[in-house]
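We name chains A, B, ... by the order of the sequence lines, and we start the count at 1 in each one. Just so it is clear, the structure is predicted and the values come from calculations on it, not from any experiment.
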Amino acid sequence: MKRLDLSKLGQYVIVIIVAVTLNFALPRLMPGNPLALIAGVDVGLLTAEERAQIIEDVGLNEPILNQYADYWVSIATGDLGQSYRSGRPIKDIIAERLPWTLLLAGGALIISSFFGIILGAISAWRRGGKADVPLLTGMIALQSLPSFWLGMLLISVFAVNLGLLPSFGAISPAANYEGWEYFKDVLEHAILPIVTLSVLSTPGVYLTMRYSMLEVLGEDFIRTARAKGASERRVLFGHVTRNAIAPVVTFLAIRFAFSFGGAVIIETVFSYPGLGRLVFEAVSGRDFPVMQASFLVFTAAVLIANLIADLLYPILDPRTRAA
Amino acid sequence: SSGTTDTTSGDASPATTAAGGTTDPEPTETTAATTDEPVVVRAAVTGGEDTLNPYTYVSGFPGWNMLMLQYDSLMQFDVNGDPQPWLAESVETNDDLTVWTLTLAEGVMFSDGEQLTVDDVEFTFNYFTEKAAGRFARDLRGVESVTTDGDRTITITLDAPNPAFDLVALADIPIIPEHIWSEVTDPEEHQFDSVTNIGSGPYVLVDYVEDQSYRFEANPDYFRGAPAVDELVVVVFADDSGPLAAIRSNEIDVIFERISPEQIDLLDALDPIDISQGPEFTTQMINFDVTKAPFDDIAVRQAISKAVDRQDIVDTVFLGAATVGSPGWVHPEKAVYNPAVAAERDVAGANALLDEAGYTDSDGDGIREFSGGPMSFEMLTNSSDSLRLRIAELVAEMLAEIGIEVTVSSVETATWEEAVWPGFDIANGRNYQMAVWGWSAPVQANTIRVAELVDGNPDIGFLNLTGFSDPAVDAIAEALLTEADPAVSAQQIGELQVLIAEGVPFVLLAYPDGAYAYNSAVYDGWEFIAGQGIVSKLSLLDASARP
Amino acid sequence: MTPPAIPANRPRRLLPRSLADRLGWFGAIIVGFLILMAVFAPRLAPYDPSERVARPFLPPSSEHLLGTNDVGQDLLSELIFGARVSLTVGIVAAVVAMLIGTTVGVIAGYYPKRLGSVLMRFVDVVLILPFLPLLIVLAAYLGRSLTNTIIVIGVLIWAAPARIIRSQVLSLRSREYVLASRSMGAKDRWVILRHILPRTGLLATGSFVRAISGAILLEAALSFLGLGDPIQKSWGSILFWAQSRGAFLTPAWKWWVLPPGLAIMAASLGFALIAFAVEERINPKL
Amino acid sequence: MTSPASIRSPLALDAPPLLALEGLSIRFDMRDGQVHAVSDIDLSVKPGEVFALVGESGSGKSVTALSIMGLLPTPPAIVSGSIRFEGQDLTTLRNRAMSKIRGKEIGMVFQDPMSSLNPVHTVGKQIGESLRLHFGMNRRDAHGRAIELLDRVGIPDAASRASDHPHEFSGGMRQRAVIAMALACDPKLLIADEPTTALDVTVQSQIVQLIRDLQQERHMAVIWITHDLGVVAEIADRVAVMYGGRVMEQGSASDVYAATRHPYTSGLLRAIPGIDRSTATKLAEIPGTPTTIFAPLTACAFHHRCPMTEPGCTSSVPELMATDRPGHESSCIHHEELAAAGNIWLDDASTIQPDRSRSDDRVIVTVEDLKVHFPIRRRSGRARGTVRAVDGVNLEIHTGRTLGVVGESGCGKTTLGRTLVGLIEPTAGSIRVDGSDDDTHRTIQMIFQDPFSSMNPGMRVRDVIEEPLRILSMGSSGERESRVAELLEMVGLPTDAAERYPHEFSGGQRQRIAIARALAADPQVIVCDEPVSALDVSVQAQIVNLLRDIQDTHGLAFLFIAHDLAVVRHISDEVAVMYLGQIVERSSRDDLYREPLHPYTKALLAAVPVPDPSVSHSAAPLRGDLPSPSNPPSGCRFHTRCPVAVPGMCDTQPPPLLEVSSERWVACHLVGSDQPHKRPQTGGEQS
Ligand SMILES: Nc1ncnc2c1ncn2[C@@H]1O[C@H](COP(=O)(O)OP(=O)(O)OP(=O)(O)O)[C@@H](O)[C@H]1O
Ligand SMILES: Nc1ncnc2c1ncn2[C@@H]1O[C@H](COP(=O)(O)OP(=O)(O)OP(=O)(O)O)[C@@H](O)[C@H]1O
Ligand SMILES: [Mg+2]
Ligand SMILES: [Mg+2]
């Protein structure tokens with residue numbers, strides 16, 4: 001592998017700086033304040049001094065630039081501070097939430113890439129054929145489904161009416177399963193949200209794959225491969241798919257990062273204890289440190305995904321390797 | 001009020017629960033017959049409440065209610081919402097309600113086996129006073145001293161008469177163990193867990209997964225007898241529809257949140273699911289900025305109050321599951337309610353009022369004008385409460401009939417709060433014209449708190465969000481706060497209701513009922529406390545142990 | 001560098017495109033139908049959707065084909081009028097997005113060095129912006145109204161078209177006819193207005209239609225989360241009410257939840273199909 | 001290096017044909033019409049012979065080749081007739097059986113070597129693939145064999161290059177690799193579809209040489225597809241000329257060239273500028289342009305453009321007929337008259353071009369020490385080096401005269417031209433334009449190579465031609481309109497063309513529009529960057545003649561950039577030869593072509609194919625490929641490829657461009673007045 005390009009790195013740095021600044025500014029630009037959250041209950045009963053004390057305790061009275069500088073320091077030291085609401089270190093909170101979101105996003109990534117790539121390949125290979133038309137139409141239709149609606153309907157059908165799967169949460173509450181039981185429990189809870197996320201992201205993979213395949217199919221070297229006497233199978237797997245996969249992988253990387261953001265709706269619908277729900281709650285309560293930290297995680301996810309895509313691309317497509 | 005309760009029934013003697021007419025065999029009998037078949041109840045809440053220590057719970061409801069499963073207060077609400085002796089066997093006061101003398105019950109243990117003593121009570125009062133934390137410190141304002149006398153007597157001296165001290169403090173404050181908390185110097189920073197979640201209450205929090213679940217185990221040595229429910233699992237949902245799905249799919253057994261009105265009949269119709277319903281003291285009202293034209297004109301406010309059809313709101317929005325709002329603030333279920341202020345819808349009267357006061361539609365577009373232009377206002381609601389949104393829509397429809405145009409603006413909750421109550425301090429003024437607003441149950445539960453809502457002096461009327469000011473109202477409100485004689489106090493409240501109905505500091509529309517859904521096959525001993533609902537230790541104790 | 005054998009008059013238009021065309025027409029029919037519905041809503045709808053015409057929570061009947069909602073408004077009428085708001089928001093938000101996206105894309109593509117890479121970094125940032133707080137911030141400063149929902153959606157979705165248009169402009173700016181124009185002394189303004197923009201237009205059409213499809217979905221999601229304007233009768237807000245009044249779990253889902261969901265899907269699908277057909281046509285390689 | 005081919009018997013002329021196409025027709029059924037790409041042709045290829053299929057763009061050559069390989073997309077292609085390979089009808093074979101023949105029995109080389117290699121696999125793997133497919137070789141053996149093959153096709157250091165990816169190869173190396181791939185299984189028939197068209201003349205002659213050697217070594221049959229009659233003359237045993245999906249003429253190479261029996265063939269041959277043709281006359285044109293056949297033929301496909309057309313030509317489709325020579329067939333019903341008459345083409349070729357005296361011209365553009373350097377950027381945008389595209393060029397352009405610029409691909413011709421018109425900022429040096437106002441754009445205009453992409457497809461022809469006038473704010477709209485009409489007439493297009501769109505025109509017509517546009521602002525200099533290299537030979541002549549006419553009537557100066565030395569010779573007054581961003585020789589046209597002085601010029605000229613099979617060609621004149629312009633060789637940039645380079649001098653000191661005789665500049669240590677003893681033989685005395 002070639003070392004990472006410096007100017008590319010510089011661009012990442014710029015994006016990070018701007019994104020972090022926005023992450024800092026957005027919560028503070030929002031109307032409302034975190035007082036109620038920090039004070040706990042019945043904020044109306046506080047005296048003015050008590051209010052001031054609370055604000056001072058969390059450092060919100062400091063000049064905005066100092067707060068901004070502190071935020072950078074906290075990022076640099078990896079200490080993301082404490083939640084206003086629970087007072088717990090945000091590192092711990094994120095460490096608890098992230099695996100669940102990763103499970104959903106990862107599960108959906110695997111499922112949607114599996115179906116998306118295979119179906120996309122079939123569709124492109126038999127373009128305009130019996131499989132392509134319904135697949136294409138169906139995928140575009142799936143892409144048009146409102147995600148929350150789909151999630152709610154799935155709950156309604158599979159959890160409420162059929163009673164097959166749990167409707168909420170990541171594990172059965174307070175069940176304390178172990179080993180295989182635990183695994184099964186987690187799986188059962190993850191099925192509906194993963195299916196919802198997958199239904200939403202498969203069409204994108206499919207369309208990218210189909211498009212990419214069609215483009216490769218039009219290339220001269222496919223004709224060369226046939227002229228060599230390669231069978232259709234071999235052409236498909238040895239030449240077409242291999243060449244078509246690079247854009248799909250890039251798409252998947254980005255898609256994976258964005259499913260973090262998409263998790264907000266899905267995790268709310270399924271009461272799933274991931275990062276998306278954390279953000280939603282932090283935003284409603286103006287839990288500044290949690291908001292900042294989780295935006296940071298989102299930003300990092302997108303940047304890392306981009307980076308991975310950038311690093312993978314030359315492996316998948318030798319033309320882009322530095323000469 | 002004072003009274004004593006027999007505390008000897010500590011070891012759970014089997015007793016029949018209220019006739020619930022369930023298909024199940026009588027639950028406690030089952031418990032007795034097969035002791036290895038514990039009663040487990042799974043409850044749902046919306047939004048986490050954190051670690052449920054006195055400094056870390058989040059909301060007044062159901063956070064405080066869940067907190068109090070682990071702790072006890074000196075007094076305990078009964079089904080009517082009145083405080084009754086609890087940890088304190090007896091509660092006595094002097095005539096001007098400044099000295100409260102309590103006798104502690106015997107043999108009360110914390111869940112770690114330590115005895116609960118008067119020292120713990122004294123410690124608790126001092127601790128909450130010193131370590132500022134909103135709710136309980138405020139309760140204790142005005143406490144001059146707390147002294148103990150022997151093993152069982154505690155004397156609390158107040159600097160001024162406080163007729164509601166039992167309600168706001170004695171029945172509200174959890175007694176915390178000195179041997180744990182004396183080492184906690186900074187409770188805001190301190191993190192709690194099941195080791196330090198030590199109380200004397202009927203339950204022990206044994207398991208907590210943030211934003212997912214709580215598991216409470218019954219305290220078999222509870223001083224009022226072992227609870228009827230052996231294990232309570234509280235599941236945290238992200239939104240209101242999650243619990244509704246889960247109770248249908250049999251994944252939970254009770255919802256610890258009020259269900260919305262349309263669900264009442266639907267859920268009740270399902271088989272093992274029953275509904276416990278009763279009056280609650282939450283409110284739905286219209287606020288306006290009384291300091292600005294035209295709401296500074298009493299005629300306009302009165303016209304609005306006359307023009308709204310409270311019954312229609314109760315019928316349409318709450319499908320009947322609410323009480324029509326009293327223009328005088330006090331809930332009709334309350335003893336001190338003054339029936340003379342009952343609301344009558346009178347559109348013609350409202351129009352006449354406005355015409356008289358000079359608000360006419362001079363350009364014929366159906367909207368009246370005032371000095372500042374057309375009477376066209378924005379009414380804020382918070383988008384997370386859909387019933388409030390509907391109320392706003394209906395009010396807009398109703399006010400259109402008197403030539404006032406209302407545009408409903410639904411905003412996210414914090415934004416709405418910030419506009420109506422900037423920084424939660426009325427000194428910051430107001431940034432709205434009209435808003436649908438509501439107070440939580442405690443404000444209504446303690447009737448004399450009405451002073452906080454209407455007094456023109458910000459120190460007293462710190463919940464006076466509309467900026468209302470009327471010397472007559474102020475005078476009565478302030479007198480009310482220290483009135484020791486219940487009869488006089490009732491008289492004053494009666495007058496105040498009339499003044500409020502006339503002065504219209506806000507337009508009270510309705511008091512929504514509380515309705516709770518539960519699976520009666522699993523447990524049906526739920527007790528509805530007036531004004532508070534079913535989420536309380538009472539629901540989980542044997543009927544005989546309830547006050 | 002100079003393969004001389006550029007195939008003369010190879011008929012590009014002769015390639016078979018029937019599938020894309022058929023799908024495109026299918027999409028156009030759906031969209032046409034929905035637009036007619038929106039335009040003639042006052043005539044088609046049996047009732048005024050904002051008027052309480054019957055008891056709340058009525059199941060379907062001959063008077064109210066889809067029953068009534070939680071305050072007794074006719075659901076069918078809401079659905080029909082909902083097309084107005086949903087389509088308007090979708091289309092106008094897409095216009096906003098395209099205006100921003102095209103401007104940024106064209107400038108970034110035409111000046112790819114400094115200005116362009118700065119702009120593209122900006123696009124990157126927009127793509128990773130946490131949209132929930134952004135939305136609340138925008139709504140707080142702009143107030144809550146249909147116009148602002150439109151602006152918010154537009155601001156959220158312009159980045160994708162900007163990227164596509166930029167890459168198109170990058171390739172256009174080195175086309176020989178652009179070089180020809182510049183060799184005649186054309187200023188950037190001339191080249192952009194006369195050559196780049198008109199040629200980008202076609203591609204932008206595809207992005208535009210796709211953006212409409214996305215904007216309709218986004219409007220529905222925002223309304224559903226209560227971040228739109230639930231007072232407006234859009235399909236998303238019908239679902240918001242259905243959700244907040246528990247209709248997903250009751251038999252009412254059949255007449256309260258399904259129809260608006262399908263309407264959103266149909267609208268989004270219709271535009272997506274048109275976009276697909278348009279893009280397929282533009283790309284001669286496929 | 002034993003190959004199975006060595007067992008095969010030598011060429012047997014009377015042997016049964018290896019491949020026989022009988023009644024082959026190929027049609028494309030599209031939704032909005034049919035294209036009749038090939039109509040009922042019969043062809044046969046004997047074992048071991050080189051059979052050339054010649055014709056202009058769209059004549060059906062590639063389609064024919066693909067149908068032999070069974071690689072036409074069906075649908076939309078519909079193939080009828082039979083294709084017999086060793087007696088077996090390939091059209092009846094299923095795909096599976098066909099893949100056993102593809103690659104093993106018949107190998108194929110495609111035109112564009114870059115796109116015919118799979119970018120993600122190494123070159124060695126791709127060559128080994130057919131061995132593994134057909135001989136079941138294991139990975140290691142296949143790789144070893146691939147290295148041998150690469151070595152055989154002349155890739156230096158084959159063992160290490162085999163694990164490179166295609167993008168790491170230069171154009172010429174890629175084509176060698178593709179050839180190695182096609183030959184891997186030692187096929188009996190090699191089909192080469194325009195294998196040299198994308199390559200420089202220098203590389204082209206290397207490849208031609210290579211295939212000829214391989215063909216003789218292995219006794220395989222080759223079908224060589226090309227539009228370039230020059231290349232064919234060097235290699236083919238037999239030739240078939242196609243037009244409009246029909247075979248026009250077929251016979252041995254010498255017969256087809258020397259005793260042409262079809263008007264189309266003779267027209268083509270005359271239209272080729274030729275390196276040794278007289279430049280005093282105009283090029284011979286074939287009027288009209290090749291067209292696509294949308295309906296079944298009912299007449300001779302060529303009758304629209306043929307000077308001999310008479311009713312007999314349109315009454316039926318003429319079949320191939322035997323001519324007066326054995327094995328030579330023609331489909332022209334007049335072939336006997338042709339045999340008698342010789343040339344039937346209207347003799348515009350005898351039109352004498354006006355002679356240009358040098359007395360009345362003046363220098364209009366002076367370029368001094370021009371340098372254009374490009375930073376090389378990665379995908380990420382970071383600079384990683386510099387391409388010295390133009391590196392110190394001095395020249396003058398004279399009014400009314402043409403300066404031709406030649407050189408291999410990538411030597412900086414285009415960059416030079418674009419810098420002149422202001423498209424590229426020079427890195428150093430100056431461009432001075434005399435006798436004009438400050439706006440150089442009014443003085444210098446440009447014509448681009450690709451007539452398809454140089455016009456905005458969304459604009460009407462009128463807008464296209466008007467554009468420079470509007471940009472330079474010249475004339476009122478009325479004046480502009482009449483100017484457009486005037487220009488259209490000048491370039492030989494009907495006035496109603498103004499309202500139509502560029503895509504409605506053929507390549508040649510579009511290039512006329514481009515010329516009209518360049519003339520619109522009445523410039524004094526026009527930079528023509530490969531203006532005819534995208535055009536068919538028959539049309540190319542029309543455009544070259546048009547340019548000359550316009551120059552004569554308007555006294556314009558041209559900078560004429562081309563890689564085709566014959567075309568440059570025909571149009572230029574003076575020629576500059578570029579190598580790696582520098583001019584290595586500059587001289588008057590006649591001197592240069594008669595007596596090239598610089599070894600590079602000589603090599604270029606030697607590589608030009610001559611459309612005459614009787615002229616035998618010398619071996620490939622130049623070694624290797626053009627070095628990278630980002631890292632040019634030290635000293636004389638040409639020393640790495642120069643056959644006469646003197647070590648110690650040429651590789652250390654850069655030779656200056658010296659005026660070796662009047663109006664003649666050469667940059668070579670071995671040429672020049674100061675070193676007469678080292679002057680190469682050909683560099684005769686100049687006065
Ligand atoms: N914009 C550019 N950026 C970087 N390198 C360039 C650029 N334009 C041209 N080059 C490089 O400069 C060199 C000269 O290119 P140029 O196009 O002038 O050659 P040419 O002689 O016209 O070749 P051809 O005959 O193939 O047109 C080549 O190596 C080319 O890759
Ligand atoms: N896949 C296809 N679909 C439709 N028409 C085609 C297709 N391939 C070729 N044709 C048509 O068939 C005719 C012959 O094309 P062919 O590629 O054989 O020409 P050629 O002689 O090889 O020309 P060139 O020199 O441009 O390669 C042309 O008119 C072309 O438009
Ligand atoms: Mg008016
Ligand atoms: Mg008016």
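Put simply, CZ on D:R470 and CE on C:M184 are 12.5 Å apart, with the number rounded to the nearest 0.5 Å. Atom CZ of C:R194 and atom CG of D:N456 lie 8.5 Å apart (nearest 0.5 Å).
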Please list, one pair per line, the donor and acceptor atoms closer than 3.5 Å that link side chains of residues 209-220 of chain C to other protein atoms, with sequence neighbours excluded.
unit_1, atom_1, unit_2, atom_2, d
C:R210, NE, C:E279, OE2, 3.3
C:R210, NH2, C:E279, OE1, 3.0
C:S213, OG, C:S268, O, 2.9
C:S213, OG, C:S268, OG, 3.0
C:E219, OE2, C:S223, OG, 2.9
C:E219, OE2, C:S234, OG, 2.8

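Annotation: residues 85-95 of chain C contacts chain D through no residue [non-hydrogen atoms, separation under 4.5 Å].
Taking all atoms of both residues into account, the shortest heavy-atom contact from D:L423 to C:L179 is CD2-O, 3.4 Å. Annotation for D:S454 and C:A180: closest pair O-CB, 4.3 Å, computed over non-hydrogen atoms.
Neither the backbone nor the side chain of C:S117 comes within less than 4.5 Å of any heavy atom of chain D.
Under the rule for a side-chain hydrogen bond (donor to acceptor under 3.5 Å, both in side chains), the partners of C:R163 that lie at least two apart in sequence or sit in another chain are C:D124. D:S453 is linked by a side-chain hydrogen bond (donor to acceptor under 3.5 Å, both in side chains) to D:D450, counting only residues two or more places apart in sequence or in another chain.
Looking at heavy atoms from C-beta onward, C:Y177 lies out of side-chain contact with D:M459 at the 4.5 angstrom threshold. Contact annotation: the side chain of C:R182 never approaches that of D:R418 to less than 4.5 Å [non-hydrogen atoms, C-beta and beyond].
Crowding of C:F26 atom CZ: a count of heavy atoms from other residues, nucleotides or ligands under 6.0 Å not exceeding 12.
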Start with the C-alpha distance between C:H195 and D:E467, add both sets of side-chain angles, then the distance that settles side-chain contact (heavy atoms from CB on, under 4.5 Å), and finish with yes or no. CA-CA 11 Å; C:H195 295 291; D:E467 193 179 354; 2.5 Å; yes

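Of all the listed residues (D:G458, D:P457, D:A520), the one sharing the greatest number of non-hydrogen pairs under 4.5 Å with chain C is D:P457.
For D:Q445 and C:S183, the side-chain atoms include no donor-acceptor pair closer than 3.5 Å.
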